[in-house]
Amino acid sequence: MKQRVSALLREKFGREVVLEKPKDRAFGHFATPIAFSLAKELRKSPMVIAQDLASSFNESEIFSSVESVKGYLNFRLSEEFLSEYGDWALQNQSEFGKQEKKDKILLEFVSANPTGPLHIGHARGAVYGDTLYRLAKHLGYDITAEYYVNDAGNQIDLLGLSIALYGRENILKESVEYPESYYRGEYLEALANGAVEKFGKEILSDESRYKELALWAKDGVMEIVVDSLRELNIHFDTFVNESSLYSDWDRVMGKMGDGIYKKDDKVWIASEAKGDDNDRVVVREDGRPTYLAGDIVYHNQKFERGYDHYINIWGADHHGYIPRVNAAVEYLGYDSNKLETLLSQMVSLLKNGEPYKMSKRAGNVILMSDIVEEIGSDALRFIFASKKSDTALEFDLAEFKKQDSSNPIFYIQYAHARIQTILSKSNFSKEDINATSLKGLGENGDSLLFDALLLPEIIEDAFSSRQVQKLPDYLKALASALHKFYYDCRIIGTDDEAKLLKLLLVVALSLKTGLSLLGIEARDRMVKEED
RNA sequence: GCGUUCGUAGCUCAGCUGGAUAGAGCACUGGUUUGCGGUACCAGAGGUCACAGGUUCGACUCCUGUCGGGCGCACCA
């Protein structure tokens with residue numbers, strides 16, 4: 001819609017015209033402050049210019065009126081335009097809001113270490129990434145969701161040690177002491193038992209086999225991780241194991257040329273020259289690669305696979321890491337502008353108003369799967385998708401748990417369910433409804449129709465700005481408009497019943513499409529809660 | 001200290017590339033159709049947009065500085 005309007009205005013004025021949404025619908029559907037910017041060059045007051053411009057629009061198919069108010073130019077879309085678009089949307093439901101973007105995008109997110117189940121802090125990045133993924137798919141991008149599995153390095157050794165120690169304590173009944181850095185948690189029980197079953201009890205006491213133990217256990221942990229993601233309707237297309245990349249190390253180092261040098265028996269990357277604070281060690285004296293080394297080979301591999309654009313979603317605690325990876329990408333001979341790293345801010349927990357620190361040692365980690373079980377995937381996804389991903393988010397655990405009807409997701413679900421109920425109460429068939437015209441809905445009806453038809457712009461905007469919270473915001477507003485309309489206007493039994501039902505079908509389409517992009521299924525009925 | 005990010009209603013957060021009277025949910029107060037699910041709707045109250053300058057016809061939005069919070073500042077991942 002907006003594209004049509006702005007294309008028309010561009011043609012008329014011979015320049016790009018800023019289009020905005022008026023604060024108040026009484027001003028029209030779209031507005032532009034163009035008269036203000038023209039005021040200087042034309043040496044006339046904005047009011048006069050706006051007047052002249054407004055009167056230059058006489059008859060138009062798209063607009064029913066163009067008015068000037070206090071220097072603004074306000075456009076009102078015509079009934080014909082809105083009703084035609086509404087008809088089109090209902091006839092092409094699966095195409096509604098879709099586009100034909102062609103770019104190939106690689107989206108990497110979550111990528112939590114395979115050393116334990118996901119906790120609540122991981123959920124935010126997971127929801128953010130998956131929502132972007134769904135939006136991109138809808139817009140036609142060829143996008144791949146990828147999980148980078150850090151199955152090399154100290155943390156994997158630590159996983160092996162942790163399982164062995166757990167087994168020695170609980171299976172071999174030895175008395176042991178847990179060093180602070182070791183992993184703790186219920187999941188170790190199944191892994192330790194599984195290990196004994198597969199390798200025999202000896203492995204628990206055989207230090208030389210801990211590596212073997214860890215590599216086996218990592219797959220088990222990944223299963224837990226993938227399961228908990230599936231509960232949130234999140235799916236990955238590809239998994240890349242860090243351990244599989246190092247065989248390529250010599251070739252990749254060769255590609256970096258001057259970007260890599262040796263000093264003090266270590267290998268360094270000259271990242272300072274590319275905007276980092278310091279040069280960084282890539283290979284230690286003893287030959288073990290650092291974490292950065294893995295990311296260098298990984299990003300090289302990403303670029304060699306050939307995408308138009310790369311998106312990484314990292315926790316905000318990794319933000320200092322961005323210049324290093326960008327430096328590496330440039331030394332590898334690729335355009336670092338194609339690599340976009342988005343940060344998902346920390347989620348800090350409060351319990352009864354007091355900061356609540358999760359710690360693996362204390363064993364008080366809040367698992368993502370527990371929260372999903374408690375409040376449901378829909379509610380959790382909605383909460384995280386509603387917040388701008390780059391602001392730190394705080395919530396009270398108690399508050400979080402009691403999110404029931406106060407959670408806006410139920411408000412939106414109810415709007416959708418309400419429409420289904422009305423439809424089922426009506427005697428009109430789908431055919432009758434589709435055969436009627438969306439014209440003559442009246443002012444409130446046209447306004448609701450316009451709101452519902454706004455979805456495609458929201459999708460486009462939410463994805464291109466990477467601000468997924470725009471979609472939940474829109475759905476809340478649309479649900480609110482629907483509830484208000486329902487309250488103000490009787491539908492069943494009126495002369496306009498069929499066309500009003502058709503209007504509701506358009507609203508339901510937008511709600512359903514929007515919710516599915518958030519990974520939430522629209523409900524046809526709400527289940528009443530028993531007190 | 002350096003970097004980065006944020007500071008908007010009692011709380012949790014929106015506010016699009018600068019634009020019309022700064023918005024929503026929760027909580028609070030008061031109302032609602034002899035009608036489709038009241039899990040709704042309406043109204044009220046609640047703000048010096050952290051502070052101070054600057055740019056502009058116009059600043060919550062851009063720039064500079066100050067104060068305050070988060071996160072980084074590893075040869076850990």
Side-chain angles (χ1 to χ4, degrees), chain A residues 16 18-24 27 31-33 36-37 39-40 45-46 69-72 74 111-113 115 150 152-156 158 181 242 264 266-268 277-278 280-286 288-295 315-323 343 345-346 348 353 383 386-388 390-396 399-400 403-408 410-411 413-415 417-426 457-458 461-462 464-465 467 469-470 472-473 476-477 479-480 482-494 497 500 525-529:
Chain A
E16 205 56 49
V18 177
L19 265 190
E20 53 195 38
K21 199 173 74 184
K23 288 247 153 75
D24 189 334
F27 288 126
T32 176
F36 291 99
S37 36
K40 228 176 201 170
S45 96
V69 180
K70 291 203 279 191
Y72 287 84
N74 296 331
S111 296
N113 287 339
T115 54
N150 292 118
N154 289 340
Q155 81 281 3
I156 281 293
L158 207 52
S181 56
E242 181 184 0
D264 303 336
K266 302 167 205 172
V267 179
W268 299 70
D277 294 340
N278 296 298
R280 308 286 169 178
V281 172
V282 180
V283 182
R284 305 174 178 94
E285 290 173 280
D286 60 9
R288 282 158 52 236
T290 63
Y291 180 73
L292 180 58
D295 250 339
D317 51 345
H318 285 61
H319 80 261
Y321 207 75
I322 296 174
L343 297 177
Q345 280 289 348
M346 303 289 101
S348 52
I383 291 167
S386 305
K387 316 293 182 190
K388 215 170 28 180
D390 56 2
T391 352
L393 171 65
E394 248 183 22
F395 55 62
D396 201 305
E399 199 70 12
F400 197 40
Q403 292 278 356
D404 38 46
S405 57
S406 64
N407 190 316
F410 294 101
Y411 181 81
Q413 293 280 27
Y414 181 46
R418 177 168 255 178
I419 292 171
Q420 304 309 319
T421 307
I422 299 171
L423 285 168
S424 68
K425 290 252 158 85
S426 166
E457 278 132 61
I458 305 294
D461 188 27
S464 61
S465 66
Q467 308 268 303
Q469 81 278 2
K470 290 179 181 193
D473 279 354
K476 262 188 278 184
S480 168
L482 181 274
H483 286 308
K484 184 168 165 50
F485 186 79
Y486 169 88
Y487 184 83
D488 290 340
C489 171
R490 178 154 178 86
I491 295 166
I492 289 189
T494 62
E497 181 170 335
L500 291 175
R525 44 182 327 137
M526 302 296 284
V527 180
K528 261 195 177 157
E529 278 183 37

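All of these numbers come straight from a predicted model, not from anything done at the bench. Reminder, nothing fancy here: chain letters follow the sequence lines and each chain counts from 1.
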Enquirer: In whole Å, measure the gap between the C1' atoms of B:G44 and B:G3 for me.
Expert: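 Straight-line distance between the two C1' atoms is 47 Å.
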
Enquirer: If I take atom CZ from residue A:R280 and atom OH from residue A:Y321, how far apart are they, to the nearest 0.5 angstrom?
Expert: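 That separation rounds to 9.0 Å.
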
Enquirer: May I ask you to say what A:A316 touches in the nucleic acid, namely base, sugar-phosphate or nothing, with a heavy-atom cut-off under 4.0 Å?
Expert: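 The residue A:A316 makes sugar-phosphate contact but no base contact.
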
Enquirer: Need one value for A:R525: base, sugar-phosphate or nothing, where a base atom within 4.0 Å counts as base even if backbone is also close, heavy atoms only.
Expert: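 Base contact.
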
Enquirer: Rounding to a whole Å, what distance do you find between A:D473:CG and B:G25:P?
Expert: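 One finds 12 Å between P of B:G25 and CG of A:D473, rounded.
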
Enquirer: What is the nucleic acid contact for A:L19, judged by heavy atoms within less than 4.0 Å: base, sugar-phosphate only, or nothing?
Expert: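 Contact class for A:L19: base.
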
Enquirer: Provide the distance between the two P atoms, one in B:C2 and one in B:U61, to the nearest whole Å.
Expert: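 Pairwise P distance, B:C2 against B:U61, rounds to 24 Å.
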
Enquirer: Roughly how far, to the nearest 0.5 Å, is CD of A:Q345 from NZ of A:K388?
Expert: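 Here the interatomic distance stands at 10.5 Å.
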
Enquirer: Between A:L482 and A:I419, is any pair of side-chain heavy atoms under 4.5 Å apart?
Expert: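 The answer is yes, as the side chains (C-beta and beyond) meet within the 4.5 Å cut-off.
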
Enquirer: Whole Å only: how far is the CD atom of A:E20 from the P atom of B:G58?
Expert: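 These atoms are roughly 17 Å apart.
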
Enquirer: Scan nucleotides 1-4 of chain B against the protein and return all N/O pairs shorter than 3.5 Å with their distances rounded to 0.1 Å.
Expert:
unit_1 : atom_1 : unit_2 : atom_2 : d
B:G3   : N2     : A:H319 : NE2    : 2.8

Enquirer: Indicate, with a heavy-atom threshold strictly under 4.0 Å, whether A:Q413 touches base, sugar-phosphate, or nothing.
Expert: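 Here A:Q413 touches no strand at all.
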
Enquirer: Map A:V69 and A:W268 onto RNA chain B by nearest heavy atom, then report which one ends up closer to the 5' terminus.
Expert: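 It is A:V69 whose nearest nucleotide is closer to the 5' end.
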
Enquirer: Can you name the residues that form a side chain to side chain donor-acceptor pair (under 3.5 Å) with A:E457, not counting sequence neighbours?
Expert: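 A:E457 satisfies side chain to side chain donor-acceptor pair (under 3.5 Å) with no residue once adjacent residues are dropped.
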
Enquirer: Mind checking side chain to side chain donor-acceptor pair (under 3.5 Å) for A:D473 and listing every partner two or more places apart, or none if nothing turns up?
Expert: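 Side chain to side chain donor-acceptor pair (under 3.5 Å) list for A:D473, sorted by chain: empty.
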
Enquirer: Round to the nearest Å and state the distance from A:K21 atom NZ to B:A20 atom P.
Expert: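 Taking NZ of A:K21 and P of B:A20, I get 13 Å after rounding.
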
Enquirer: Taking the nucleotide of RNA chain B with the closest heavy atom to each, which residue, A:Y321 or A:C489, is nearer the 5' end?
Expert: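 The residue mapped nearer the 5' terminus is A:C489.
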
Enquirer: Give the rounded distance in Å between these two atoms: CD of A:Q467 and C1' of B:A14.
Expert: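 Those two atoms, CD and C1', are 11 Å apart.
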
Enquirer: Counting only N and O atoms by type, is there a donor-acceptor contact under 3.5 Å from the side chain of A:S424 to the main-chain atoms of A:T421?
Expert: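 Yes, A:S424 side chain to A:T421 backbone: donor-acceptor pair under 3.5 Å.
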
Enquirer: Take A:N154 and A:R288, measure what side chain to side chain contact (heavy atoms under 4.5 Å, CB included) needs, and give me the verdict at the end.
Expert: CA-CA 10 Å; A:N154 289 340; A:R288 282 158 52 236; 3.6 Å; yes

Enquirer: For a quick check, tell me whether the side chain of A:N74 and the base of B:A20 share a donor-acceptor pair closer than 3.5 Å.
Expert: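 Checked by distance alone, the answer is yes.
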
Enquirer: Would you check if A:F27 stacks with the base of B:A20, given a 5.5 Å centroid limit and a 30° plane limit, both strict?
Expert: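 Stacking between A:F27 and B:A20: present.
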
Enquirer: In whole angstrom, give me the gap between the C1' atoms of B:A9 and B:U4.
Expert: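 Straight-line distance between the two C1' atoms is 29 Å.
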
Enquirer: Need one value for A:T421: base, sugar-phosphate or nothing, where a base atom within 4.0 Å counts as base even if backbone is also close, heavy atoms only.
Expert: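 Base, at least one base heavy atom under 4.0 Å.
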
Enquirer: Counting only side-chain heavy atoms from C-beta out, which of B:A77, B:G70, B:A74 sits nearest to A:R280?
Expert: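 Taking heavy atoms from C-beta onward, the closest nucleotide is B:A74.
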
Enquirer: Enter the distance from A:N150:CG to A:I156:CD1 here, rounded to the nearest 0.5 Å.
Expert: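 A:N150 atom CG to A:I156 atom CD1 measures 8.5 Å (nearest 0.5 Å).
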
Enquirer: Take atom CD1 of A:I458 and atom C1' of B:C16, then tell me their distance rounded to the nearest Å.
Expert: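 Going from A:I458 (CD1) to B:C16 (C1'), I get 9 Å.
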
Enquirer: Take atom CD1 of A:I156 and atom P of B:A77, then tell me their distance rounded to the nearest Å.
Expert: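 Checked: the CD1 to P distance equals 11 Å.
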
Enquirer: What's the gap between B:G38 and B:G18 when it is taken at their P atoms, as a whole Å value?
Expert: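 Rounded to whole Å, the distance is 44 Å.
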
Enquirer: Return the polar atom pairs (N/O with N/O) between nucleotides 41-45 of chain B and the protein under 3.5 Å, or none.
Expert:
unit_1 : atom_1 : unit_2 : atom_2 : d
B:C41  : OP1    : A:Y411 : OH     : 2.3

Enquirer: Determine the interatomic distance between C1' on B:A40 and the same-named atom on B:C11; round to the nearest Å.
Expert: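 It comes out at 24 Å once rounded to the nearest Å.
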
Enquirer: Can you find a pair of side-chain heavy atoms, one from A:I322 and one from A:L343, that are under 4.5 Å apart?
Expert: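 With C-beta onward as the side chain, the pair touches.
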
Enquirer: Roughly how many Å apart are B:C73 and B:G53, using the C1' atom of each and rounding to a whole number?
Expert: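 One C1' to the other, the span is 31 Å.
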
Enquirer: Between B:G25 and B:C41, how far apart are the two P atoms, rounded to whole Å?
Expert: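 Looking at atom P only, B:G25 and B:C41 are 8 Å apart.
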
Enquirer: Between atom OH of A:Y414 and atom NE2 of A:H483, what is the distance when rounded to the nearest 0.5 Å?
Expert: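 So the OH of A:Y414 and the NE2 of A:H483 are separated by 6.5 Å.
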
Enquirer: Base, sugar-phosphate, or nothing: which does A:R418 touch, judged by heavy atoms less than 4.0 Å apart?
Expert: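 Since only primed, P, OP1 and OP2 atoms lie under 4.0 Å of A:R418, the category is sugar-phosphate.
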
Enquirer: Using atom C1' in both nucleotides, what's the gap between B:C62 and B:G37 to the nearest angstrom?
Expert: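 Comparing C1' positions in B:C62 and B:G37 gives a spacing of 49 Å.
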
Enquirer: Report the nucleotide, chosen from B:C57, B:G72, B:U21, that has the shortest atom-to-atom distance to any side-chain atom of A:F36.
Expert: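 Of all the options, the side chain of A:F36 is nearest to B:C57.
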
Enquirer: For B:C16, does OP1 or OP2 lie under 4.0 Å from any side-chain N or O of A:Q469?
Expert: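 Negative; the distance criterion is not met.
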
Enquirer: Got a sec, which residues hit side chain to side chain donor-acceptor pair (under 3.5 Å) with A:D264, two or more places apart in sequence or on another chain?
Expert: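 Partners of A:D264 by the side chain to side chain donor-acceptor pair (under 3.5 Å) criterion come out as none, since no residue qualifies.
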
Enquirer: So, taking the atom named CG in A:L158 and the one named OG1 in A:T115, what distance separates them when rounded to the nearest 0.5 Å?
Expert: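 OG1 of A:T115 is found 8.0 Å from CG of A:L158.
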
Enquirer: Contact class for A:A31 (heavy atom, under 4.0 Å): base, sugar-phosphate, or nothing?
Expert: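 Contact class for A:A31: base.
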
Enquirer: What nucleic acid atoms does A:K388 come within less than 4.0 Å of, heavy atoms only: base, sugar-phosphate, or nothing?
Expert: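 Sugar-phosphate: the residue A:K388, judged by heavy atoms under 4.0 Å, touches backbone atoms but no base.
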
Enquirer: Where does RNA chain B form stems of at least three consecutive Watson-Crick or G-U wobble pairs, each pair having both distances below 3.5 Å?
Expert: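 Correct response: B:1-7 with B:67-73, B:10-13 with B:23-26, B:28-32 with B:40-44, B:50-54 with B:62-66.
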
Enquirer: Looking at side-chain heavy atoms only, is the closest gap between A:Q420 and A:R525 below 4.5 Å?
Expert: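 No. Closest side-chain heavy atoms not under 4.5 Å.
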
Enquirer: What is the minimum heavy-atom distance between A:A152 and A:Q155, and which atoms define it?
Expert: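 Answer, listing the atom of A:A152 first, then A:Q155: O-NE2, 3.1 Å.
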
Enquirer: What is the separation between atom CE on A:M526 and atom P on B:G38, rounded to the nearest whole Å?
Expert: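 Rounded to whole Å, this separation is 13 Å.
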
Enquirer: A:I383 has an atom CD1; how far is it from atom P of B:C26, in whole Å?
Expert: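 In whole Å, B:C26 P and A:I383 CD1 are 14 Å from each other.
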
